[in-house]
Amino acid sequence: MQDEMNKGSLTAEQLVSLYLDRINRYDSVINSVLELNPDALDIARQLDKERVLSGVRSSLHGIPLLIKDNIDTADKLYTSAGSIALAESTAAKDAAVISRLRAAGAIILGKANMTEWANFMAPGMWAGYSSRGGLVLNPYGPGELFVGGSSSGSAASVAANLIAAAVGTETSGSIIGPASQNCIVGIKPTAGLVSMAGIIPGIGSQDTAGPLARTVSDAAVLLGAMTGLDEVDTQVSGTAREGRIADYTVFLDAAYIQGVRIGIPRAIYQELDEEVLAIMAEAIKLLEQQGAVIVDPIELPCLNSEWSPVMLQYEFKRGLNQYLAGLAESIPVHSLSELIAYNKLHSEKALKYGQGTLEWLEQSGEGITEEMYLEQLRLSRGQARDHGIDYAIKEYRLDALMFPGFHGTDLAARAGYPLITVPAGFAANGIVTPGGYLTKGPHGVTFSGTAFCEPTLISIAYGFEQASKRRFPPRLSK
């Protein structure tokens, strides 16, 4: 797109118009776009003039993006986390990551639908459903295939080429899951690498925003524009500040994969059905053919650990109350308790699946002290790091671990460590798992490592992508 705009054969205005046309034609099939920015064409025209007069700001200059609906944008778009309670809530200022994207010249084309409250609403809620936007469908099998975690609208819109790329958020699996299930690339950065200021929180110690794109190259471009810290992020460590890289495209080296040591946590693979296991076996074979050293099996001692819910109980209510308290007086809810009451009052629209998780979180964390929380946070991170990812990296002298699809996302989330997923294959049949989703459809391979190893993961993912070429577009009808 940049090449075409630099040559003068395409403008940002034309690009926005093309995407608006595709959304108008095809999004009724998958329901991925929640709302569109009425100023997008005007912004594109201004960026086109700027390109001519003073040049481009970055590789994102004039590129349209969709933003998950839990990220504040100070424009005519709403930020609701999919809830009808916040359906008319506008942000007073951009989230820090949105400020960075606008400064890079990106065009915020609209908001992507999502699982309401990032799937902290109700135990039985379908992935991709929100009371405000309805249900997001997987473009590779609308109404049949699993769409993935809460960044479902971001992923489905990218997969269907309704947008150049999108921004999602992840607490545990919400970028990686839908990226894998929708045959695209997703990056869940190290916790703290991308500012969370202005993003509706889930579990603050695990939350992060990240890019979703059709190629590793595009995801790397978007990640470079997103990284950085905001003055609000006073609790972010100096290590996170030092870990920031402005340009991840320098790590797009397909030859890097030669000699890289990749570990296979075989115990996790035992959960897979035969067809998905065959996709993973083919991926392992391809990595070996490209010169990677496969260490199979590796052990993760923490896999049998019992994870405490204390972090969720302590962080969710406090973080959400803080966000809601800062909303305009005209918004009907300013606390979790008010949200629950509002949903009950509007139950026909708001409570298709109930709100059991919200009610549990409102009631369950009252007796948890900060000291109790910090101790459980230390124990959880210690298990996920010292007896999990870091243990495997050191014990087997690995550069990365390889997980199937969204498996392993919880471990990386608790450790605060990065993940990248790349399309690996398509299961033609599939089974219904005990969790209730169909394994038929796209599947990705997901690479994991220690803190701030995004350069390594991007290099490995790029090498795999260039050798495998497993992504293919969905077929959509009008």
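Values below: all heavy atoms of this structure, side chains included; hydrogens, waters and symmetry mates excluded. For the single chain, residues carry numbers from 1 onward in sequence order. Predicted model only: the values in this text are computed from it and were never measured.
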Of all residues at least two apart in sequence or in a different chain, which pass the ring pair (Phe, Tyr, Trp, His ring centres under 6.0 Å) check with His346?
Tyr342
State whether the side chain of Asp399 and the backbone N or O of Arg261 hold a donor-acceptor pair below 3.5 Å, judged by distance alone.
yes
Ignoring hydrogens, what is the shortest heavy-atom contact between Ile184 and Arg214? Give both atom names and the distance.
CG2-CG, 4.4 Å
Show the nearest heavy-atom pair for residues Leu419 and Ser448, with the distance to one decimal.
CD2-CB, 3.4 Å
Contacts under 3.5 angstrom, residues 130-140 side chains, donor-acceptor by atom type, not counting sequence neighbours:
residue, atom, partner, partner atom, Å
Ser130, OG, Asn113, OD1, 2.8
Ser130, OG, Gly133, N, 2.8
Ser131, OG, Gly82, O, 3.4
Ser131, OG, Ile84, N, 3.2
Ser131, OG, Glu116, OE1, 3.0
Ser131, OG, Glu116, OE2, 3.3
Arg132, NH1, Ser80, OG, 3.0
Arg132, NH2, Glu35, OE2, 3.0
Asn138, OD1, Tyr140, N, 2.9
Asn138, ND2, Phe146, O, 2.8
Asn138, ND2, Gln181, O, 2.9
Tyr140, OH, Arg471, NH1, 2.9
Tyr140, OH, Phe472, O, 2.6

Should Leu162 and Ile30 count as side-chain neighbours, where that means a heavy-atom distance under 4.5 Å?
yes
Lys/Arg-Asp/Glu bridge criterion (N-O < 4.0 Å) met for Asp390, Arg381
no
Donor-acceptor pair, distance only, cut-off 3.5 Å: does the side chain of Thr11 make one with the backbone of Gln14?
yes
Side-chain donor/acceptor of Ser195 to backbone N/O of Val97, under 3.5 Å
no
Kindly give the heavy-atom pair with the smallest separation between Asp94 and Ser99, and that separation in Å.
CB-OG, 3.4 Å
Let's go through Thr171 and Asp207 carefully: what are the C-alpha distance in whole Å and the side-chain angles of both, what is the deciding distance for side-chain hydrogen bond (donor to acceptor under 3.5 Å, both in side chains) to 0.1 Å, and is it a yes or a no?
CA-CA 4 Å; Thr171 302; Asp207 292 343; 2.6 Å; yes
Between Asn182 and Val158, does the side-chain contact (heavy atoms from CB on, under 4.5 Å) criterion hold? Intermediate values first, please.
CA-CA 9 Å; Asn182 288 271; Val158 170; over 6 Å; no
Donor-acceptor contact present, side-chain Ser152 to main-chain Gly148, <3.5 Å:
no
Using a 3.5 Å cut-off and no angle test, enumerate the donor-acceptor pairs between side-chain atoms of residues 401-413 and protein atoms at least two apart in sequence or in another chain.
residue, atom, partner, partner atom, Å
His407, ND1, Glu271, OE1, 3.3
Thr409, OG1, Phe406, O, 2.8
Asp410, OD1, Ser172, OG, 3.3
Asp410, OD2, Arg414, NE, 3.0

Heavy-atom donor-acceptor pair, Thr73 side chain to Asp75 backbone, under 3.5 Å:
no
Using every non-hydrogen atom in the two residues, find where Ile245 and Tyr248 come nearest and quote the distance to one decimal.
O-CE1, 3.0 Å
Going by an N to O cut-off under 4.0 Å, is there a salt bridge joining Lys93 and Asp72?
no
For the residue pair Leu287 and Phe464, establish whether any side-chain heavy-atom pair is separated by less than 4.5 Å.
yes
When you compare the side chains of Ser32 and Asp27, does any donor N or O come within less than 3.5 Å of an acceptor on the partner?
yes
Just so I know, are the side chains of Leu15 and Pro64 near enough to count as touching, which here means a heavy-atom distance under 4.5 Å?
yes
As a quick check of understanding, evaluate side-chain contact (heavy atoms from CB on, under 4.5 Å) for Gln2 and Ile63, giving each step before the final call.
CA-CA 8 Å; Gln2 285 297 341; Ile63 302 295; 3.6 Å; yes
Donor-acceptor contact present, side-chain Arg51 to main-chain His61, <3.5 Å:
yes
Side-chain contact test, heavy atoms from C-beta onward, threshold under 4.5 Å: evaluate it for Ile200 versus Asp69 and give yes or no.
no
Verify whether one side chain among Ser154 and Lys68 offers a donor that lies under 3.5 Å from an acceptor in the other.
no
Apply salt bridge (charged side-chain N to carboxylate O under 4.0 Å, His left out) to residues Arg470 and Glu465 and explain how you reach the verdict.
CA-CA 7 Å; Arg470 290 295 188 266; Glu465 175 195 54; over 6 Å; no
Between Ser150 and Thr115, does the side-chain hydrogen bond (donor to acceptor under 3.5 Å, both in side chains) criterion hold? Intermediate values first, please.
CA-CA 4 Å; Ser150 70; Thr115 313; 5.2 Å; no
Donor-acceptor contact below 3.5 Å, side chain Ser180 vs main chain Gly177
no
Electrostatic pair Asp48:Arg45 at N-O distance under 4.0 angstrom:
no
Is Glu170 reaching over with its side chain to a backbone N or O of Ile176, donor-acceptor style, under 3.5 angstrom?
yes
State the CG-OG distance between Leu109 and Ser157, to the nearest 0.5 angstrom.
9.5 Å
Carefully, step by step, assess Thr421 and Lys188 under the rule side-chain contact (heavy atoms from CB on, under 4.5 Å).
CA-CA 9 Å; Thr421 193; Lys188 177 253 178 188; over 6 Å; no
Report yes if some heavy atom in the side chain of Leu358 is under 4.5 Å from a heavy atom in the side chain of Leu339; otherwise report no.
yes
Say whether Ser205 and Glu315, considering side chains only, have a donor N or O and an acceptor N or O under 3.5 Å apart.
yes
Between Arg22 (side chain) and Ala160 (backbone), is there a donor-acceptor pair under 3.5 Å?
yes
Got a second to check how far Leu223's CG is from Asp218's CG, nearest 0.5 Å?
12.5 Å
Smallest separation among heavy atoms of Pro201 and Tyr323, with atom names:
CD-CB, 4.1 Å
Could you pull out all residues at least two apart from Tyr129 that satisfy ring pair (Phe, Tyr, Trp, His ring centres under 6.0 Å)?
Tyr353
Side chains of Tyr437 and Thr439, heavy atoms from C-beta outward: is any pair under 4.5 Å?
yes
Test item: Asn321 side-chain N/O and Leu336 main-chain N/O as donor-acceptor pair under 3.5 Å
yes
Enclosure of Glu288 CD (heavy-atom neighbours >12, cutoff 6.0 Å):
yes
Suppose we screen for side chain to side chain donor-acceptor pair (under 3.5 Å). Which residues come up paired with Thr79, at least two apart in sequence or across chains?
Lys111
Is there a side-chain contact (heavy atoms from CB on, under 4.5 Å) between Val276 and His443? Walk through the geometry before answering.
CA-CA 8 Å; Val276 179; His443 288 272; 3.5 Å; yes
Heavy-atom closest pair, residues Leu65 and Ala106:
CD1-CB, 3.6 Å
Is it the case that atom CD in Glu4 sees more than 12 heavy atoms from other parts of the structure closer than 6.0 Å?
yes
Is a salt bridge present between Lys7 and Asp3, judged by a nitrogen-to-oxygen distance below 4.0 Å?
no
Decide yes or no for Tyr462 and Ile420: does some side-chain heavy atom of the first lie under 4.5 Å from some side-chain heavy atom of the second?
no
Within the 4.5 Å heavy-atom criterion, are Thr190 and Thr208 side-chain neighbours or not?
no
Counterpart residues, ring pair (Phe, Tyr, Trp, His ring centres under 6.0 Å), relative to Phe316 (two or more places apart)
Phe120
